[in-house]
Each structure stands twice: as C-alpha cells, then as structure tokens.
Amino acid sequence: MGKLFTLIAQAQAELLALTLLLTDSEGNEYEKHIISSRAVSDIARRGLALHRKFGGGRNLALGEALAEQKPLTMEDINTMVDFFEKFKIDKNDPGWHNFENPSPKWVRWSLMGGECGRQFAIDTKNMIEEGLQDKSIKIKAE
C-alpha cells in the first residue's frame, strides 16, 4: 500500500501544473495551470456517474472540472482542502464503495477525487504556499 501511495504521489507531482506565474532561475515568468491528475479525474468521473444515478453531492461544478481536467483556481484548491479537512470517512458505512446503493458521503468523496483528490489538493496548496513565500510563484491578477 505504501508503494502504491508513493507512485500515486509521484504521478500527481509530475502531472501538477499551476495557474500562476512561475519564475525560472533567470527571472523569466511563465504561466501554468492547475490541472488534476488522471487518477483524480477518473474518480471524479465515477462520482458524477454515481450522482446522476443516485444523487448525493452539491458541488458538481468542481466535480465536473476535476473529471474533465479543466484548469482549477486557487479557490477550487482551497475548497477541496477544506472539504477533505472536514470530511469524515466512514468505510464501515454499507454504502461506502457500493456501486448498487452508494452512500451520499461516498458520492461526495468521489466527486472530489477520493484519496487521490485529497492528496492532490493538499500537495498543490503546500507547493503554492511555498512558492509564494520564496517568491518563485506569483498569483496572476485576472
């Protein structure tokens, strides 16, 4: 399990890009976008399918953005981090991982990308905060 988690984290780090201005070592700025990993996207797509069939989630716009790997904002990342900080996993719930009768909590968890989404959001937020502190990242005014 630890090796799988490490591989997932590495894949997410490789796929991670930022909707921020990044500065390279020569001071040149370039724009990148925050886009969820394929693993997050797959789980969010599962969540959307479950929601269409059974209901159980309110934040469909973010779930759709994750599923379609659309660019995310810092607000989206913060929403995800807040969700995962407040969300209580109950894997003993009979509807957890039940495709025939899913619990609303499992549908919401899936809409946010599940465990992969949790790690993606936390890692992204930490990386951006570090970049803002060392000034290698600047938030682009839209």
Side-chain angles (χ1 to χ4, degrees), residues 1-93 95-99 101-142:
M1 184 63 135
K3 187 173 184 173
L4 177 62
F5 181 78
T6 301
L7 290 173
I8 290 170
Q10 287 172 343
Q12 288 175 336
E14 290 170 9
L15 293 170
L16 185 61
L18 304 171
T19 333
L20 308 164
L21 291 178
L22 303 177
T23 307
D24 64 20
S25 60
E26 295 164 7
N28 299 316
E29 293 180 349
Y30 53 97
E31 184 177 346
K32 290 285 185 177
H33 298 279
I34 303 169
I35 298 174
S36 66
S37 70
R38 178 65 183 220
V40 173
S41 174
D42 289 346
I43 296 168
R45 271 198 302 278
R46 174 187 71 201
L48 288 171
L50 291 169
H51 184 273
R52 280 192 290 278
K53 189 170 180 180
F54 301 102
R58 294 181 300 251
N59 194 345
L60 290 182
L62 183 50
E64 289 168 346
L66 292 169
E68 297 169 18
Q69 291 186 293
K70 290 184 176 178
L72 304 172
T73 65
M74 193 61 209
E75 182 179 340
D76 294 331
I77 297 300
N78 286 331
T79 297
M80 290 176 72
V81 170
D82 290 346
F83 171 82
F84 288 115
E85 284 177 353
K86 294 173 186 166
F87 191 86
K88 303 293 183 232
I89 296 174
D90 183 4
K91 292 185 180 180
N92 294 322
D93 178 336
W96 195 267
H97 259 263
N98 182 337
F99 289 90
N101 188 21
S103 68
K105 285 186 172 187
W106 186 54
V107 173
R108 285 192 303 272
W109 174 259
S110 296
L111 284 168
M112 289 292 179
E115 180 59 33
C116 292
R118 187 186 75 76
Q119 197 60 52
F120 164 79
I122 291 168
D123 289 348
T124 301
K125 184 174 181 172
N126 289 340
M127 189 170 64
I128 291 170
E129 287 175 351
E130 285 176 24
L132 290 171
Q133 287 177 354
D134 69 16
K135 297 186 181 5
S136 63
I137 295 177
K138 299 172 189 169
I139 296 180
K140 180 180 179 184
E142 306 249 349

Query raised in the report: Is Arg46 salt-bridged to Asp42, going by a charged N under 4.0 Å from an acidic O?
Result: no

Report summary line: What one should report as the nearest heavy-atom pair of Leu48 and Gly63 is CD1-O, 4.0 Å

**Report entry** Distance, nearest 0.5 Å, that separates CD of Glu75 from CG of Leu62
**Finding:** 10.0 Å

Query raised in the report: Gln69 side chain to Ser36 main-chain N or O, any donor-acceptor pair under 3.5 Å?
Result: yes

**Report entry** Shortest non-hydrogen contact between Phe120 and Ile35, atoms and distance
**Finding:** CE1-O, 3.6 Å

Query - Ser41 (side chain) donor-acceptor with Ala67 (main chain) under 3.5 angstrom - result: yes

Query - Asp76 side chain reached by Ile34 side chain, heavy atoms, under 4.5 Å - result: no

Query raised in the report: How many angstroms lie between atom SG of Cys116 and atom CZ of Arg38, to the nearest 0.5 angstrom?
Result: 12.5 Å

Query - From CG (Asn101) to NZ (Lys53), nearest 0.5 Å - result: 10.0 Å

Query raised in the report: About how many Å separate NZ of Lys88 and NZ of Lys105, when rounded to the nearest 0.5 Å?
Result: 9.0 Å

Query - Name of the residue among Leu66, Ile122, Thr124 meeting side chain to side chain contact (heavy atoms under 4.5 Å, CB included) with Met80 - result: Leu66

Report task. Supply the atom-to-atom distance Asp82 CG to Ile77 CD1, rounded to the nearest 0.5 angstrom. Result -> 11.5 Å

Report task. Look at the rings of Trp109 and Phe84 and say which category their plane angle falls in: under 30° parallel, 30 to 60° tilted, over 60° perpendicular. Result -> perpendicular

Query raised in the report: Any chance NZ of Lys70 has more than 12 other-residue heavy atoms, nucleotides or ligands included, within less than 6.0 Å?
Result: no

Query raised in the report: Do Arg108 and Phe83 have side-chain heavy atoms sitting under 4.5 Å apart?
Result: yes

Query raised in the report: Does the side chain of His97 come within less than 4.5 Å of Lys91's, by heavy atoms?
Result: no

Requested in this report: Verify whether the ring centers belonging to Phe99 and Trp106 lie closer than 6.0 Å.
Outcome: yes

Query raised in the report: Roughly how far, to the nearest 0.5 Å, is the CE atom of Met112 from the OG1 atom of Thr79?
Result: 7.0 Å

